[in-house]
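We number each residue from 1, following the sequence as shown.
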Amino acid sequence: MAPLAPGPRDPGPLRTVLVDDVAEMRELVRALLRRDGRFSIVGEAANGLDALEVVADLRPDLVVLDIDMPVLDGLATVPRIRELSPETRIVMLSGYAVDEMEPPSLAAGAVGYVRKGADIASLPSQLHALASLLVTAALVGTSVRVSVSDDAAGMRPTDPQADADHDGGRGLAIVARLATSWGVDAGDLGKTVWFELEL
């Protein structure tokens, strides 16, 4: 299988760039991630244009990116970061509703979307999980098989039951509706969720 997006290059702390036009928000996220210990804040920017310079210079593992910013907004910044540094993972951190802005964020090339203020204490774990995903795809006859792997061996998705009252399960619910088959392969070092789509 050929990786669509490689995992973080360094097994140590994720080299992270914070991009938000609100300095207090960057300060809060910086403090949370530093206290967590799995992140190393290597740069910051207040708009998308400045973020491109920082990313080009540092080639970080992770960019935490706001959407609503002056000069160049987050959605317009994502594909340009992907061009500059394809190995960098981008997670959007924004105040917009998940169902409104998550789809265009993922379509632009982000690996995930987190809503500001949802559960600030869990932000480091959410960011680390999203930045640790490894996505691969391979042709299997007349189908394409997509696999998403992470190192969370203890978390196994079950039958998707996403609804308006729950944040989780939406992605898997979409997969279950579109895919011809899907499943989970668990191992000692993590799990792989896979699905197949007819071409």
L65-L106 co-clustered via ILVMFWY side chain contacts under 4.5 Å
no
Less than 3.5 Å apart, which donor and acceptor atoms pair up between the side chains of residues 25-35 and the rest of the protein, not counting sequence neighbours?
| unit_1 | atom_1 | unit_2 | atom_2 | d |
| --- | --- | --- | --- | --- |
| R26 | NE | E44 | OE1 | 3.0 |
| R26 | NH1 | D20 | O | 2.6 |
| R30 | NE | E44 | OE2 | 2.5 |
| R30 | NH2 | E44 | OE1 | 3.2 |
| R30 | NH2 | E44 | OE2 | 3.1 |

Testing [options] one by one against [X] for a side-chain contact (heavy atoms from CB on, under 4.5 Å), which residue passes?
X: P104; options: E102, E100, M101; answer: M101
X: L127; options: V64, L93, D36, T16; answer: V64
X: T88; options: L62, V63, V111; answer: V63

Measure the shortest side-chain to side-chain distance between [X] and [Y] over non-hydrogen atoms and say whether it is less than 4.5 angstrom.
X: I81; Y: V55; result: yes
X: S105; Y: I67; result: yes
X: T77; Y: V19; result: no
X: L14; Y: S40; result: no

What pairs with D68 under side chain to side chain contact (heavy atoms under 4.5 Å, CB included), at least two apart in sequence or on another chain?
Y96
Quick one: pull up CG in L58 and CG in L84 and give me the separation to the nearest 0.5 Å.
12.0 Å
R15 (side chain) donor-acceptor with V42 (main chain) under 3.5 angstrom
no
Would you find a donor on one side and an acceptor on the other, under 3.5 Å apart, between the side chain of R89 and the backbone of D61?
no
